Amino acid sequence: MIGLADCNNFYASCERVFKPSLNNKPVVVLSNNDGCIIARSNESKRLGIKMGEPVFKVKNLIKENNVRVFSTNFSLYGDLSKRVMTTLKSEVSSVEVYSIDEAFLDFSDHLNLDRLIYIRSKVKKWTGIPISIGVAPTKTLAKVANYLAKKHKEKGVFILDDDDLIKKVLKDFSVQDLWGVGRRYSRKLNQLNIHNALQLRNLDTDWLRKKFSINMVRLQKELKGEVSYSFDSNDSIRKSICTSRSFAKEVREFNTLKEYVSNFAVNCASKLRKQKSYCSKLSLFLMTNRFKSNVKQYYPSITLDFLTPTNDNLEIVTMANKALKRIYSSNFIYKKAGVVLHNTVLKEDIQMSLFDQIDRKKRAKLMCSIDYLNNILGKNKVRVASQGLKENLDFKRNNLSPSYTTKYSDILTIKI
DNA sequence: TCTGGGGTCCTAGGACCC
DNA sequence: TCTGGGGTCCTAGGACCC
């Protein structure tokens, strides 16, 4: 049996951990640049605030109901996520971290309701984060079970084990709420007169394969209780690493863009080193403001190869700036840019180049020193010149909460 | 005025091989 | 006039996830 533990309204719950006065009050968390709503407490959901909605569209609703608004604070969410995962690992034999707020749990040893209730209360007690747990024979069904667990408010856990129960539950479960069915597929399924998950489960598999891709067949198998997506606790490395941002103010100048791109490249390289891997390709993309219908649009992108896989700041920044020169056009004003590193490999799998001229041992030492210094002194204290000298690039974060758990100056003070 | 960021996997089509 | 068959690898784009 596979469990799915999912943190309830995760980012909103994180904001509440060190500020209990927010309990029972509507809370929302915003995306980068304070643009869209990306997390809502139950109270905010009840007000009708939608996921992904631009905040300026619900300004009145927020004001009238005194909704507490927070800028995104990823160092806080990332750290609390780690705590939740560590707590889960202390209770089950194997954990597959699936996202910042979700993990699959191995319950092949033993399973009962009391165990789930205990795990849930332990996570709440140790981290302050409320979670729900659903358990079933497959990951897809565990997702369904978790959905039901969230509805059972007082318990917050649900076991979906016998096939009659599964059928009964699937009959009342909309296809659009299934894991792996998004907007497009749900529309197509509805057009084919398939509305609930039981109907999907009972379809002819060959027919389904013809109408959709192999993924839909895998999904169907999982609904029948047969595993398509096996449990995998290996912490494998990321296959691609991306840093992209929308700019608070649109950018026209090449040199300004170059500073952003250099910073994105350095950020990617440092993530790459954190997972001890190397990349052999770099992509760069630029975007104009897609919401301005009266302005000519331009979405260029380019992919360049490294002769030898690398995770070196200097090489990666140089390549990113080379890419920028190739696709930049002064005829447009840009709203967003991003750097993607891909084809990542581990050190032992690197294919060296016969014509490589870089002293890689020396460079690795240099990167090690840079990481060490920046770790102590603060991000980007030691930097590549083309990153520019601005302490913080221009991104809007007007309602940022303290980084209670990752910054000495932000540690909670208690008055006794 | 203001509209997020970071991932995975699959497929079709092109370029190439013998 | 007539122009094969069987592969691999790569990329861009599209679907999905959180």
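Note: hydrogens, waters and symmetry copies are ignored here, and every other heavy atom, side chains too, is used. Each chain gets a letter, A, B and so on, in the order its sequence line appears, and its residues count up from 1. Source: prediction; values computed, not measured.
- Y278(A) is linked by a ring pair (Phe, Tyr, Trp, His ring centres under 6.0 Å) to nothing, counting only residues two or more places apart in sequence or in another chain.
- For the pair S31(A) and R218(A), both in contact range of DNA chain B, the more 5′-proximal nearest nucleotide belongs to S31(A).
- When all heavy atoms of M85(A) and S99(A) are compared, the closest pair comes out as CE-O, 3.6 Å.
- A close approach under 4.0 Å does not occur between any side-chain nitrogen or oxygen of K57(A) and OP1 or OP2 of dT1(B).
- At a threshold of 4.0 angstrom between heavy atoms, the contacts of R209(A) are confined to the sugar-phosphate backbone, with no base atom among them.
- Atom pair K63(A):NZ and dC2(B):P shows a separation of 20 Å (rounding to whole Å applied).
- Classification of E222(A) and K143(A) as a salt-bridged pair fails, no side-chain N sitting under 4.0 Å from a carboxylate O.
- Among the atoms of the strands shown, only primed sugar atoms or phosphate atoms (P, OP1, OP2) are found under 4.0 Å from some heavy atom of K335(A).
- Using atom C1' as the reference point in both dC17(B) and dG4(C), the two lie 15 Å apart (nearest Å).
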Quick one, S132(A) with N8(A), criterion side-chain hydrogen bond (donor to acceptor under 3.5 Å, both in side chains). Give me CA distance, side-chain angles, the key distance, then yes/no. CA-CA 7 Å; S132(A) 308; N8(A) 302 345; 2.8 Å; yes
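- Counting to the nearest Å, the P atom of dG6(B) and the OH atom of Y11(A) are 11 Å from each other.
- For the helix from dG5(B)-dC18(C) to dC18(B)-dG5(C), the terminal axes (five pairs an end, C1' atoms, rotation from four pairs onto the next four) enclose an angle of 10°, given to 10 degrees.
- For the pair K122(A)/T87(A), a side-chain contact is recorded, criterion being any heavy-atom separation below 4.5 Å from C-beta on.
- At a threshold of 4.0 angstrom between heavy atoms, the contacts of L178(A) are confined to the sugar-phosphate backbone, with no base atom among them.
- Remark: R360(A) pairs with E315(A), D356(A) by the salt bridge (Lys or Arg N to Asp or Glu O under 4.0 Å) rule, at least two apart or across chains.
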Sort me out a list of protein N/O and nucleotides 10-12 of chain C N/O pairs below 3.5 Å, or just none if empty.
unit_1	atom_1	unit_2	atom_2	d
dT11(C)	OP1	K281(A)	NZ	3.1

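- Within residues 68-91 of chain A, no residue is approached by DNA chain B to less than 4.0 Å at the level of any non-hydrogen atom.
- Residue contacts for I214(A): at a heavy-atom cut-off of 4.0 Å it reaches the sugar-phosphate backbone alone, with no base atom in range.
- For E53(A), there are no salt bridge (Lys or Arg N to Asp or Glu O under 4.0 Å) partners two or more places apart in sequence or in a different chain.
- Using a 4.0 Å heavy-atom criterion, one finds that D34(A) contacts no nucleic acid atom at all.
- At a non-hydrogen distance threshold of 4.0 Å, R238(A), K239(A), S240(A), I241(A), C242(A), T243(A), S244(A), R245(A), S246(A) from residues 237-249 of chain A come into contact with DNA chain B.
- Within 4.0 Å (heavy atoms only), E53(A) reaches no atom of the nucleic acid at all.
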Produce the list of close N/O pairs, under 3.5 Å, pairing protein atoms with atoms of nucleotides 15-17 of chain B; give distances to one decimal.
none

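- Remark: Y298(A) engages F332(A) in a ring pair (Phe, Tyr, Trp, His ring centres under 6.0 Å) (not counting sequence neighbours).
- Atoms CG and CG, on L170(A) and N196(A) in that order, are 8.0 Å from each other to the nearest 0.5 Å.
- Between F56(A) and K271(A), it is F56(A) whose nearest contact on DNA chain B lies nearer the 5' terminus.
- Taking atom CG of residue L30(A) and atom C1' of nucleotide dC2(B), one finds them 12 Å apart after rounding to whole Å.
- Distances were taken from every side-chain heavy atom of K59(A) (C-beta onward) to each of dT3(B), dC18(C), dC2(B); the shortest belongs to dC2(B).
- For residues 306-325 of chain A, proximity to DNA chain C is found at no residue, defined as any non-hydrogen atom under 4.0 angstrom from a strand atom.
- Distances shorter than 4.0 Å separate none of the side-chain N or O atoms of N33(A) from OP1 or OP2 on dG4(B).
- Ranking dC18(C), dG4(B), dG6(B) by closeness to the N32(A) side chain, first place goes to dG4(B).
- Take Y372(A) and apply the ring pair (Phe, Tyr, Trp, His ring centres under 6.0 Å) test, not counting sequence neighbours, and it matches no residue.
- Across all strands shown, K336(A) has heavy atoms under 4.0 Å from sugar-phosphate atoms exclusively, and none from any base.
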Evaluate the criterion side-chain hydrogen bond (donor to acceptor under 3.5 Å, both in side chains) for residue pair S262(A) and Q387(A); output intermediate values, then yes/no. CA-CA 5 Å; S262(A) 300; Q387(A) 285 178 265; over 6 Å; no
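- Using a 4.0 Å heavy-atom distance criterion, V55(A) is classed as making no nucleic acid contact.
- Judged as a ring pair (Phe, Tyr, Trp, His ring centres under 6.0 Å), and not counting sequence neighbours, F107(A) has no contacts.
- With dG7(B), dG4(B), dC18(C) as the choices, the nucleotide that has an atom nearest any side-chain atom of Y98(A) turns out to be dC18(C).
- The heavy-atom pair separating Y185(A) from G180(A) by the smallest distance is CD1-O, 3.8 Å.
- Residues R83(A) and T405(A) have side chains in contact (heavy-atom distance under 4.5 Å, counting atoms from C-beta outward).
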